Amino acid sequence: MNFEVIKEDVGSEARLGRLETAHGTVDTPVFMDVGTLGSVKALEPRDLAELGTQVVLGNTYHLLLRPGPEVIAAAGGLHRFMRWDGPILTDSGGFQVFSLARMRKFTEEGCRFNSHLDGHEFFLGPKESMAMQRTLGSDIAMVFDECLPYPCDRARAEASVARTVRWAERCRGEPRADGQQVFGIVQGGIYDDIRRRCAEELVKIGFDGYAVGGVSVGEPEEEMYRAVEASVPYLPKDRPRYVMGLGVMRQMAECVARGVDMFDCVIPTRIARHGTAITRSGNIAIKAAKYAFDQGPVEEGCECYCCRTFSRSYVRHLLACGEILGLRLLTIHNVWALNRFMADMRAAIAAGTFGEFRRELPPA
RNA sequence: GCGGGAGUAGAUCAAUUGGUUAGAUCAACAGAUUGUGAUUCUGUGGGUUGCGGGUUCGAGUCCCGUCUCCUGCC
């Protein structure tokens, strides 16, 4: 078994878990940092270790376009290429084909699309995605799926999900790297019964873990929770569950309460580069004029390197000038803030106080 | 002292033979961002067109005076 549930919350579906991978053990619930191109933007592997990051994401689509499988293979896989010894999860490219590629054409075999970089034509399907993820050598590979837009009519959702399930089955049968796990992805848009059926079909195929995909694509927040509620209960309790693309504290806590164990999101690193700091009491735009003379840390009480060392005034100055150190310092803070948040959530579940933890979170 | 040139938003510059509410780009400020977009997107504020007169239905534009800066000459 790759996954062990250590403790279950009594007042919710939250659970404390431990996920074994070929590159180490992951404590769940966990937030995973997105490192699309083989780098968590602005951070080095040693930073990630210090910040408490457990898993780094890589991306099949992006790494296929650049630098390409040959370069990764020559390095001996993504771990060695980027010098990160910890667990790596690779996204299949399904979402990127949906969100980035131009001129895409779907067939039963996959998707032909043009690179968003230079228009060069590529083809990605279950076979190609798994081959690339094998080359990357990730600890966890995701199946190649089709991410539905929002809104999406029922007929299209049904047809798409049927194909996503067929693709999942093909992915399951493809060769993989040593010790590589494969996670299935539940789709179905906002249609509860389609999601349920998708989950059940995936469970029949049997995966090492299961993800809920196709959320936070523009639907209202309530719909997102409904999508999770329509998926998670039909997934095995002894397998890790992963909601893809979520990284807002309250949303993650709400999903944990619904039985989710893993998350990833570009939010903490992206908004850091745009000048916003994540704090327990909400996001703050450090670039704001009101912080120009503020000698306090980005977040009061935070123990990250940025907050221990620098003032809001200085970080604001760096961001205002476009100094890359500003991006880096805020990224350090935001990554730390989310890792700390998840650690606190795990501690709360362990202590049986998750209910209070959840209630004390700010509403927005 | 004399000649020439230039004064328009915080900055750099536009504005048809004089013609609607003087624009653009940076900067500033605010917001956005959910399986990645640092150098991105959206929005907002900002002007006694150096100052004072004059001509005209109408002046950033033409005329007179004046101030400042640049430049050349003595």
Side-chain angles (χ1 to χ4, degrees), chain A residues 31-43 55-63 65-66 88-101 116-117 124 129 133 138 140-150 164 183-187 209-221 223-225 227-228 242-252 254-255 260 262-278 282-292 316-331 334-335 338:
Chain A
F31 176 78
M32 307 181 286
D33 285 310
V34 177
T36 302
L37 284 157
S39 154
V40 177
K41 296 185 191 299
L43 300 182
V55 184
V56 170
L57 259 72
N59 195 284
T60 300
Y61 172 95
H62 290 277
L63 294 168
L65 267 52
R66 290 185 307 194
I88 292 177
L89 181 149
T90 44
D91 193 13
S92 62
F95 184 79
Q96 285 65 41
V97 167
F98 157 77
S99 65
L100 292 175
H116 68 288
L117 298 171
L124 210 46
S129 176
Q133 294 186 78
S138 54
I140 298 170
M142 302 303 297
V143 297
F144 187 78
D145 64 335
E146 183 183 5
C147 184
L148 286 169
Y150 176 86
T164 283
F183 281 23
I185 304 176
V186 179
Q187 292 288 350
Y210 298 87
V212 177
V215 298
S216 64
V217 290
E219 77 282 13
E221 202 172 43
E223 295 284 358
M224 182 178 76
Y225 294 133
V228 172
Y242 164 27
V243 170
M244 309 186 78
L246 250 53
V248 173
M249 287 181 178
R250 183 174 37 79
Q251 292 175 353
M252 289 194 287
E254 287 305 307
C255 288
V260 178
M262 304 164 70
F263 305 91
D264 80 282
C265 193
V266 305
I267 281 247
T269 46
R270 178 183 293 168
I271 68 176
R273 295 192 302 275
H274 294 171
T276 299
I278 296 172
N283 293 352
I284 59 175
I286 277 298
K287 280 196 295 189
K290 55 186 170 181
Y291 303 120
R316 176 185 179 276
H317 159 70
L318 295 176
L319 292 165
C321 296
E323 282 289 335
I324 55 176
L325 180 58
L327 315 183
R328 180 169 151 74
L329 291 177
L330 259 198
T331 301
N334 282 356
V335 167
L338 279 203

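This is a predicted model, so every value here is computed, not measured. To find a chain, count down the sequence lines: A is the first, B the second, and so on, and within it residues start at 1.
Which of B:rG37, B:rG35, B:rU34 sits closest to the side chain of A:His62 comes down to B:rG37. Proximity note for A:Leu246 (side chain, C-beta onward) versus B:rG35, B:rG31, B:rU34: the nearest is B:rU34. The listed nucleotides are B:rA38, B:rU33, B:rG35; the one nearest the side chain of A:Arg273 is B:rA38. The side chain of A:Gln251 sits closest to B:rU34 out of B:rU34, B:rG37, B:rG35. Of the candidate nucleotides B:rG35, B:rA28, B:rA32, B:rA28 has the atom nearest to the side chain of A:Ala320. If you check B:rU34, B:rG37, B:rG35 against the side chain of A:Phe95, the one that comes closest is B:rG35. For A:Lys41, the listed nucleotide lying nearest its side chain is B:rA38; candidates were B:rG35, B:rA38, B:rU34. For A:Val248, the listed nucleotide lying nearest its side chain is B:rU34; candidates were B:rG31, B:rU34, B:rU33. Considering only the side chain of A:Leu327, B:rA38 comes nearest among B:rG35, B:rG37, B:rA38. The side chain of A:Cys147 lies closest to B:rG35, out of B:rU34, B:rG35, B:rG37.
The same atom, C1', is picked in B:rC57 and in B:rC13; the two are 32 Å apart, to the nearest Å. A gap of 11 Å separates the P atoms of B:rC26 and B:rU42, to the nearest Å. Atom P of B:rG5 sits at a distance of 12 Å from the matching atom of B:rC64, rounded to the whole Å. Look at the P atom in both B:rG7 and B:rG45: the space between them is 28 Å, to the nearest Å.
Here B:rG35 presents its P atom at 12 Å from CG of A:Asp33, a figure rounded to the nearest Å. A straight line from CG of A:Leu319 to P of B:rC29 spans 11 Å, rounded to a whole angstrom. Rounded to whole Å, atom P of B:rA27 lies 10 Å from atom NZ of A:Lys287. Distance CZ (A:Phe31) to P (B:rU34): 13 Å, rounded to an integer number of Å. Rounded to a whole Å, the NE2 atom of A:His274 is 13 Å from the P atom of B:rU42. A straight line from CD of A:Glu219 to P of B:rG35 spans 12 Å, rounded to a whole angstrom.
The nucleotide B:rC69 finds its pairing partner in B:rG5, both defining distances of the Watson-Crick or G-U wobble pair being shorter than 3.5 Å. Of the nucleotides present, B:rU42 is the one that pairs with B:rA30 by Watson-Crick or G-U wobble criteria, both distances under 3.5 Å.
The side chain of A:Arg270 places an N or O atom within less than 4.0 Å of a non-bridging phosphate oxygen (OP1 or OP2) of B:rU34. The side chain of A:Arg316 places an N or O atom within less than 4.0 Å of a non-bridging phosphate oxygen (OP1 or OP2) of B:rC29.
Taking syn as a glycosidic angle within 90° of 0, B:rG23 does not qualify and is anti.
Comparing A:Ile267 and A:Ala288, the nucleotide of RNA chain B nearest to each residue sits closer to the 5' end for A:Ala288.
Ring geometry for A:His116 against A:Tyr61 counts as parallel: the plane angle stays under 30°, on a 0 to 90° scale with 60° as the upper cut.
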